[in-house]
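Notes follow once the structure below has been shown.
Since we're looking at a predicted model, the values are computed, not measured.
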Amino acid sequence: MRYLDREKLVENLETRMQGNMDANIIGNASLWVWQDGEEVYRRHFGPDASEGSVYRLASMTKPITGVAAMKLVEEGKLALTDPVDKFYPEFRKIPIVKVENGRLVEIGKPEKMPTVMHLLTHTSGFGGEVEDVQQRQIDPQSNATIQNAVRYFAEAGIGFEPFTNVMYSGRAAFDVLAGIIERITDMPYDVYLKENIFDPCGMMDTTFAPTKEQWERMIPMHDRVDGKACPGRTVDGCVFENVPVTHFAGGAGLASTLEDYTHFARMLLNGGEFAGNRILKPETVALMATPHVPETLMPRTKRWGLSMKVVTREDYGRLPLGCFGWSGAYGTHFWVDPENKITAIYLKNS
């Protein structure tokens, strides 16, 4: 195991962060580093950031949905090979579509059904330009809940035959996963997460629907125009884009704090256990951190594991081989290094 040079780490982080603050690249941020059972670094930057600040996680929601799905796989209630139409018969009529002049045009039917594994690895057919159009065209009723959104995406279609391509799905694939979890457990998705992940991990501020008090702690969205800082655009009452808090978006809908997400990251680093509470088995965490997309489909230095990307080549450079984690559209990042027993989190909202 290679231990971090703490003095150099602090110098690098604080020099970089101060430069970003001075250049108005960020407005507020919170950083944390942990190695081998010990906190190495924690600091908040900006006028609004402090302990307890709430950040929009955006796609850093996805690894939490991944853990939720894999917990059901462990319990034998879900299989990675399960086709989506096992839970949603509507998918038996799903079309393959393409975008023509801003509209979705059907070009055929898939030969095979997307599976749970396809949803977790962005190989289901959802994503890309097709999903961008679907998100712009979604009606308020379909956007109101997970179940309504899943039915909408089933009708709206996928962009390619499953497992023949890789296309990042910002919302659809993980909404379908969240919907499946609701149907299996007969529980609202937010309640399932609270009882099975958030409470056991002591994540008391992680939520799809912030309270009034949590909204008061929400970090303001930051933007930069002509080099000057200015408020970023948000939709009142929505944690992510225009998705209402009644829609527990499995791919992007959570808000959380630095403290809460450190608990989640430590759980993964510790092989699925936090503070004596077992969330997943070590072999399940290892399975999530294993690339499941072949190099023929994804010839890159990082490939998709289950809900997170995994460093698969030493020439990636920035992180060692085997590191895994994910990011969010508003500037959130985290990664886990199992070999060196390190995990780190960077939260900002821009």
Side-chain angles (χ1 to χ4, degrees), residues 59 61-94 96 110-128 131 146-147 149-190 192-193 196-197 248-254 268 272 279-281 283-294 297-298 303-310 324 326:
S59 285
T61 302
K62 289 181 172 69
I64 293 175
T65 295
V67 167
M70 294 308 293
K71 189 168 182 63
L72 293 178
V73 171
E74 274 192 359
E75 295 169 359
K77 299 174 182 176
L78 183 66
L80 293 175
T81 55
D82 279 343
V84 175
D85 65 352
K86 177 179 178 179
F87 310 97
Y88 289 96
E90 300 95 321
F91 273 78
R92 292 169 193 160
K93 297 181 179 180
I94 194 168
I96 295 179
E111 294 180 7
K112 59 189 175 190
M113 186 60 48
T115 67
V116 170
M117 193 271 283
H118 298 151
L119 297 172
L120 285 164
T121 57
H122 300 276
T123 57
S124 64
F126 288 117
E131 188 172 318
I146 288 177
Q147 296 299 333
V150 173
R151 287 187 284 268
Y152 168 81
F153 286 121
E155 185 176 341
I158 53 178
F160 56 89
E161 180 72 25
F163 213 62
T164 62
N165 199 354
V166 182
M167 195 68 70
Y168 183 71
S169 174
R171 278 178 56 187
F174 282 76
D175 264 7
V176 175
L177 279 168
I180 288 172
I181 291 169
E182 282 198 339
R183 291 206 163 180
I184 289 174
T185 63
D186 199 27
M187 297 170 67
Y189 187 52
D190 64 329
Y192 178 81
L193 291 185
N196 291 275
I197 299 176
F248 311 131
L254 286 170
L268 292 173
I279 310 302
L280 292 176
K281 297 175 183 177
E283 52 267 35
T284 304
V285 176
L287 185 64
M288 294 181 72
T290 299
H292 290 267
V293 178
L297 287 183
M298 205 173 181
R303 303 205 309 272
W304 285 111
L306 301 175
S307 77
M308 295 175 282
K309 268 190 178 176
V310 184
F324 62 95
W326 193 229

Q. Angle class for the Trp326/Tyr168 ring planes (parallel below 30°, perpendicular above 60°, tilted otherwise)?
A. tilted

**Q.** Rounded distance (nearest 0.5 Å) linking atom CD of Glu155 with atom CZ of Phe91
**A.** 11.0 Å

Q. Quick one: does Glu161's side chain have a donor or acceptor within less than 3.5 Å of a partner on Glu111's backbone?
A. yes

Q: Please say which of Leu119, Leu72, Asp82 ends up in a side-chain contact (heavy atoms from CB on, under 4.5 Å) with Ile180.
A: Leu119

Q: Indicate yes or no: at least one non-hydrogen side-chain atom of Ile94 is less than 4.5 angstrom from one of Val84.
A: no

Q. Taking only residues two or more places apart in sequence, or in another chain, which ones meet Glu90 in a side-chain hydrogen bond (donor to acceptor under 3.5 Å, both in side chains)?
A. none

Q. Any side-chain donor-acceptor pair under 3.5 Å between Ser59 and Lys62?
A. yes

Q: Heavy atoms only: give me the nearest Gly66-Leu120 pair and the separation to one decimal.
A: CA-CD2, 3.9 Å

Q: Using a 4.5 Å cut-off on heavy atoms from C-beta on, say whether the side chain of Thr81 contacts that of Met117.
A: no

Q) Where is the tightest heavy-atom contact between His118 and Pro162, given as atom of each residue plus distance? A) ND1-CB, 3.8 Å

Q: Give, for atom CH2 of Trp304 and atom CG of Leu306, the distance between the pair rounded to the nearest 0.5 Å.
A: 11.0 Å

Q) Are any side-chain N or O atoms of Lys281 and backbone N or O atoms of Gly272, one a donor and one an acceptor, separated by less than 3.5 Å? A) no

Q | Rounded distance (nearest 0.5 Å) linking atom CG of Leu268 with atom CZ of Phe324 | A | 5.0 Å

Q) Are the side chain of Glu182 and the backbone of Tyr189 linked by a donor-acceptor contact shorter than 3.5 Å? A) yes

Q. Is there a donor-acceptor pair under 3.5 Å between the side chain of His122 and the backbone N or O of Ser169?
A. yes

Q | Sub-4.5 Å side-chain heavy-atom contact between Arg183 and Gln147 | A | yes

Q: Using a cut-off of 6.0 Å, state whether more than 12 heavy atoms not belonging to Lys112 lie near its atom NZ.
A: yes

(Q) If we ignore hydrogens and angles and just use 3.5 Å, is the side chain of Thr121 paired with the main-chain N or O of Val293 as donor and acceptor? (A) no

Q | Backbone N/O of Leu287 and side chain of His292: donor-acceptor pair under 3.5 Å | A | yes

Q: Over all heavy atoms of both residues, which pair between Asp175 and Ala249 is shortest? Give the atoms and the distance, please.
A: OD1-CA, 3.3 Å

Q) Do side-chain atoms of Thr65 reach the backbone of Gly250 as a donor and acceptor pair under 3.5 angstrom? A) yes

Q. Quick one: does Leu78's side chain get under 4.5 Å of Phe87's, heavy atoms only?
A. yes

Q) For the residue pair Leu297 and Thr164, what are the closest heavy atoms and their distance? A) CD2-O, 3.4 Å

Q: Quick one: closest heavy-atom pair of Phe126 and Gly157, and the distance?
A: CE2-O, 3.7 Å

Q: Indicate the atoms forming the closest heavy-atom contact of Ala173 with Ser124, along with that distance.
A: CB-OG, 4.2 Å

Q. Any donor-acceptor pair under 3.5 Å linking the side chain of Arg303 with the backbone of Pro291?
A. no

Q | Met70 side chain near Leu80 side chain, heavy-atom distance below 4.5 Å | A | yes

**Q.** Heavy-atom side-chain proximity of Val73 to Thr284 below 4.5 angstrom
**A.** no

Q: Decide yes or no on side-chain contact (heavy atoms from CB on, under 4.5 Å) for Thr61 and Phe174, but give the supporting numbers first.
A: CA-CA 9 Å; Thr61 302; Phe174 282 76; over 6 Å; no

Q. Nearest 0.5 Å, what's the CE-OH distance between Met187 and Tyr192?
A. 8.0 Å

Q: Measure from the side-chain N and O atoms of Tyr88 to the backbone N and O of Val176, and report whether any donor-acceptor pair falls under 3.5 Å.
A: no

(Q) Under the criterion side-chain contact (heavy atoms from CB on, under 4.5 Å), I'd like the reasoning laid out for Asn196 against Ile279: C-alpha separation, chi angles, the key distance, then a yes or no. (A) CA-CA 7 Å; Asn196 291 275; Ile279 310 302; over 6 Å; no

Q) Does the side chain of Met288 reach to within under 4.5 Å of the side chain of Ser307, using non-hydrogen atoms? A) yes

